[in-house]
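Each remark here refers to the structure printed beneath this line.
Residue numbers start at 1 and run along the sequence shown.
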Amino acid sequence: MNAKLLIPLCLLFFWGCSEKPEQINTKIEIKVVVVNMFEIGEDQGDKPGEFQLWKAGQELNTCLPFDTSFHEICINPKTGVMGIVTGMGTARATAAIMALGLDPRFDLTHAYWLVAGIAGVDPADASIGSAVWATYLVDGDLAHEIDAREIPKNWASGYFPLFANAPVSNGTTAPEGSLSKNGEVYKLDEHLVDWAYELTKDIPLNDYASMHELRSQYTQYPNAQKPPFVLKGDQMAASTFWHGDKLNQWANDWTHYWTQGKGNFVTSGMEDTGSYQAITYLDKANKADKQRFLVLRTASNYATPPTGISASQNLTNESGEAGFAGMRSSLESAYLVGSKVVDTIVANWDQYKSALPYTALTPSQKVGTRNLPPQPETTTLKSTHLTTEQLVKALGLEGHVEGGYFKQTFKASHRPKISTDSGLRSLMTSIFYLLSAESPIGHFHMNQSDIMHYFHAGDPITYYLLHPDGALETVIMGPDPTKGHKMQMMVKGGIWKASIIPTDEEYGYGLIGEAVAPGFEYEDMQLGETQKLLAKFPKHAELIKMLSR
C-alpha cells in the first residue's frame, strides 16, 4: 500500500476518530501556521531550504495530503503547530493560503500566522543573516512600466504607480486614503510586530567565515558590516528577482511613497502581499484573523553589489554553490527567531487564544493594584457570578487592539450608509467590551464617532477621558448608582479615552456594551502613542505612561 494512503488513518488515531476519513466531524484546532515558500529537495536529510529546520525543530511529523496546493501539510498534533510550503511566487503563495483557509479539516479562527522566509536585504539597514520583522508589506508589481531605453532623461526609472504618469522620487508620498486601495501596500498589526520584536531582539544569530568575507566588501555601509542581528524593517514583495543600486533606490522610494513616509524598505522577497491578501479575505469570512499575521524575513544576500562590482557581475557571482554567503545563516535565523515566537504562543495558548499577546498578560506578568494609577473608591455588589473564561467563551469574545476583549454584536447594514469625512459609514455598530484581571487596561485611544457605553456586569471600571483642551475627566462605570457609579456614559468623538480595572476585585472582570455612531471602522480609531500624548498633555504624564504604549 502507498505510504501516503496510511497518513489519514494515522491521524484518525491521534484524534480518536472512526476508521473512515469521511466520518471526521471535529476540526483540528491550529495554534500557529508557519508559512515557508520553498524547500530545495526533500523535507529532511539533504541540503535544507526554508522548511527543513521547522519540520525537525517543531516535530511536524504528521503530514497530510494537500492536493489543492504545492506541498503536503505537516503538523504537530500535540502542540497545534502547522507547517506549509506554498511554492515560490505570489500566485502560488496566495492560492496556498486561500486553500488552507478554506480546508474543512482545520479550525484556523484563532491561529497565528508566521511567514518565515529568506530575502535580499538593503545593506544600508542590515547585514546578511539578520532577521527582520515587517510592519508594512509593499507590492512592487502593481505598477506602470516603460522600457528603460525609452524613458525621459529626467526620470529616475521607467516604473511608476498605477494611474500616475511619472515615477515616484525620494520624498513624495501617495495620497491620503490610498493605503492598499488596489493592494499596493498593507499594514500589519504594529503592536503584534512590536511584541514579536521585543521578544526576540536579543537572540544571538549564527555567523560564518564566508559572511565575514562578503561583509568586509561593503565598506560604505556600516550596518552591512555588522554581525547578523534582529531588527524591524519593511518588506517589498515582487515576483521579479531584482538587484542593483538603482533598483534598491527605487525600492526605498516606492516604500516611502506607499507608506506615506512611515515605512523603511529593508528586505525584498516575492510572496508576502499575496499571502496577506488571502488572509484578509479569510478574515472577512471569519475563517482567519488578519491581526494575527507576522512576517519574518531573513537576509540571505544583499540587494546591491559591493563597491567596484556591477549588478550583473554580482548576480553571476551569487549563482551556483559559491553564491548567497548568508543562505545558511538566514535559514537558521528564521528558525532561531521565529521559533521563539511560536513556542511562546503555544506555551501561553490559554491566554493568547482569546487575546493578542500584547493585551493578554500571563500570570507572571499580571499588574498588581499597586502599579495602577490612583482610582476613586469602588464598591462591588456581592453575588454569584461567571468567570472571565466563561464569559469570553459564551460571548465569543476576541482580543482587542486597545486591550481587553470584544465582539461586534450589531451593524446597521439594513439601513443606508451615511457620509462622513472618512467615507461612507454604517449608521451604527455595537459591541461587547470586557476588561479582565489578565488584561486590565484599555489603552488610550480616540474614536471619530460618538460612543454610548452601557455597564453590564462585574467590577467597576474607571475611565480616564482627556479632552482636546487638556481637561481630565474621571468616570466610574459600575453596578451601584448609590455609590456614584455610572451605568451609562457618552464619550463624544475626538476625546482620548483609557479604562482600567483592579486585578484583585471580586469578579476579576468588568463587562460593558458600546453603541457607536456613525458605525465603527478601524480607520476611524487612533491608538495613543506615549510620546505623542506626552507632548500634547504633559501635565498628565504619569497617567499617560501607565495607560498608553
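The CE atom of Met487 sits 12.5 Å away from the CD1 atom of Ile512 when rounded to the nearest 0.5 Å. For the atom pair OG (Ser329) and CG (Asp207), the distance works out to 6.5 Å, reported to the nearest 0.5 Å. Atom OH of Tyr302 and atom CG of Asp122 lie 11.0 Å apart (nearest 0.5 Å). With rounding to the nearest 0.5 Å, the separation of NZ in Lys492 from CG in Asp450 is 7.0 Å. Between atom CG of residue Asp139 and atom CG of residue Asp272 there is a gap of 10.5 Å, rounded to the nearest 0.5 Å.
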Item to complete: Before giving the answer on side-chain contact (heavy atoms from CB on, under 4.5 Å), spell out for Val342 and Val81 the whole-Å C-alpha distance, their side-chain angles and the decisive distance to 0.1 Å.
Response: CA-CA 8 Å; Val342 171; Val81 177; 3.8 Å; yes
Discussion item. Working note: Tyr358 + Leu192, criterion side-chain contact (heavy atoms from CB on, under 4.5 Å); need CA distance, chi angles, decisive distance, verdict.
Written reply: CA-CA 7 Å; Tyr358 57 84; Leu192 184 63; 4.0 Å; yes
Practice prompt. Could you give me the CA-CA distance, side-chain angles and deciding distance for Ser127 and Ser130, then say whether side-chain hydrogen bond (donor to acceptor under 3.5 Å, both in side chains) is met?
Written response: CA-CA 6 Å; Ser127 56; Ser130 293; 3.2 Å; yes
Worksheet item: Could you walk me through whether Thr173 and His256 pass the side-chain contact (heavy atoms from CB on, under 4.5 Å) check?
Response: CA-CA 6 Å; Thr173 59; His256 185 275; 3.6 Å; yes
Discussion item. ring-ring contact (aromatic ring centres under 6.0 Å, His included) for Tyr405 and Tyr433? Distances and angles first, verdict last.
Written reply: CA-CA 6 Å; Tyr405 307 84; Tyr433 184 70; 8.7 Å; no
Discussion item. Test side-chain contact (heavy atoms from CB on, under 4.5 Å) on Glu402 and Met525; report intermediate values, then the result.
Written reply: CA-CA 10 Å; Glu402 70 199 34; Met525 181 184 75; 3.5 Å; yes
Practice prompt. Take Asp289 and Arg292 through the salt bridge (charged side-chain N to carboxylate O under 4.0 Å, His left out) test and state the conclusion after the steps.
Written response: CA-CA 6 Å; Asp289 184 348; Arg292 300 180 176 218; 3.1 Å; yes
Worksheet item: Could you go step by step and tell me if Asp107 and Thr109 meet the side-chain hydrogen bond (donor to acceptor under 3.5 Å, both in side chains) rule?
Response: CA-CA 6 Å; Asp107 177 1; Thr109 54; 2.7 Å; yes
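Take Thr86 and apply the side chain to side chain donor-acceptor pair (under 3.5 Å) test, not counting sequence neighbours, and it matches no residue. Listed by chain and residue number, His400 satisfy the ring-ring contact (aromatic ring centres under 6.0 Å, His included) test with Phe406 (two or more places apart in sequence, or in another chain). For the side chain to side chain donor-acceptor pair (under 3.5 Å) test, no residue two or more places apart in sequence or in another chain qualifies with Lys287. Scanning for side chain to side chain donor-acceptor pair (under 3.5 Å) contacts around His453 gives Lys497, with sequence neighbours left out. By the ring-ring contact (aromatic ring centres under 6.0 Å, His included) test, Tyr112 is found to be paired with no residue, residues two or more places apart in sequence or in another chain being considered. Residues forming a side chain to side chain donor-acceptor pair (under 3.5 Å) with Lys536 (at least two apart in sequence, or on another chain): none. Taking Thr200 as the reference, Trp133, Ile203, Val230, Val337, Lys340, Val341 meet the side chain to side chain contact (heavy atoms under 4.5 Å, CB included) condition, with sequence neighbours excluded. With sequence neighbours excluded, the residues forming a side chain to side chain contact (heavy atoms under 4.5 Å, CB included) with Tyr281 are Met98, Gln277, listed by chain and number. Not counting sequence neighbours, the partners of Met270 by the side chain to side chain contact (heavy atoms under 4.5 Å, CB included) test are Met88. Under the side chain to side chain contact (heavy atoms under 4.5 Å, CB included) criterion, Met446 pairs with Gln448, Trp496, Gln526, not counting sequence neighbours. Residues meeting the ring-ring contact (aromatic ring centres under 6.0 Å, His included) test with His467, sequence neighbours left out: none.
Between the Ser436 side chain and the Ser439 main chain, a donor and an acceptor come within less than 3.5 Å of each other. For the pair Asn348 (side chain) and Gln351 (backbone), a donor-acceptor distance under 3.5 Å is absent. Side-chain atoms of Arg297 come within 3.5 Å of backbone atoms of Ile118 as a donor-acceptor pair (strictly under, hydrogens ignored). Here the side chain of Asn223 pairs a donor or acceptor atom with the backbone of Ala124 at under 3.5 angstrom. Of the possible donor and acceptor atoms, one in the side chain of Gln390 sits under 3.5 Å from a partner among the backbone N and O of Thr387. Put simply, the side chain of Ser449 gets close to the backbone of Pro518: a donor and an acceptor are under 3.5 Å apart. Looking only at distances, a side-chain donor or acceptor of Asp283 sits under 3.5 Å from a matching main-chain atom of Lys290. Listed for the Asp125 side chain is no donor-acceptor partner under 3.5 Å among the backbone atoms of Val121. The closest donor-acceptor contact from the side chain of Thr429 to the backbone of Gly519 lies at 3.5 Å or more, if one exists at all. No side-chain donor-acceptor contact under 3.5 Å links Ser330 to the backbone of Thr298.
Counting heavy atoms from C-beta outward, Thr135 and Glu190 have side chains that approach closer than 4.5 Å. No side-chain heavy atom of Val35 sits under 4.5 Å from any side-chain heavy atom of Glu271. Between Trp113 and Leu294 the shortest side-chain heavy-atom distance does not fall below 4.5 Å. Ser419 is listed as a side-chain neighbour of Leu424, based on a closest heavy-atom distance under 4.5 Å. No side-chain heavy atom of Glu398 sits less than 4.5 Å from a side-chain heavy atom of Gln291. Annotation: side chain of Trp258 is not in contact with side chain of Val168 (no heavy-atom distance under 4.5 Å).
Seen from the ring of Phe229, Lys226 counts as a face-on cation partner, given the 6.0 Å and 45° thresholds. A cation-pi contact, defined as under 6.0 Å to the ring centre and within 45° of the axis, links Lys232 to Tyr197.
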Just distance, no hydrogens or angles: give the donor-acceptor pairs under 3.5 Å from side chains in residues 542-549, sequence neighbours left out.
unit_1 : atom_1 : unit_2 : atom_2 : d
Ser548 : OG     : Thr530 : OG1    : 2.8
Ser548 : OG     : Ile544 : O      : 2.5
Arg549 : NH1    : Val401 : O      : 3.2
Arg549 : NH2    : His443 : ND1    : 3.2

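Taking the six-membered ring where the residue is Trp, the centroids of Trp254 and Phe265 are separated by 6.0 Å or more. Residues Tyr464 and His540 keep their aromatic ring centres 6.0 Å or farther apart.
For the side-chain contact (heavy atoms from CB on, under 4.5 Å) with Thr255, the qualifying choice from Met236, Lys262, Gln235 is Met236, the only one to do so.
Summarising the geometry of Leu137 relative to Val295, their closest heavy-atom pair is CD2-CG2, 3.8 Å, with the distance given to 0.1 Å.
Checked by atom type, the side-chain pair Gln58/Tyr335 shows a donor-acceptor distance below 3.5 Å.
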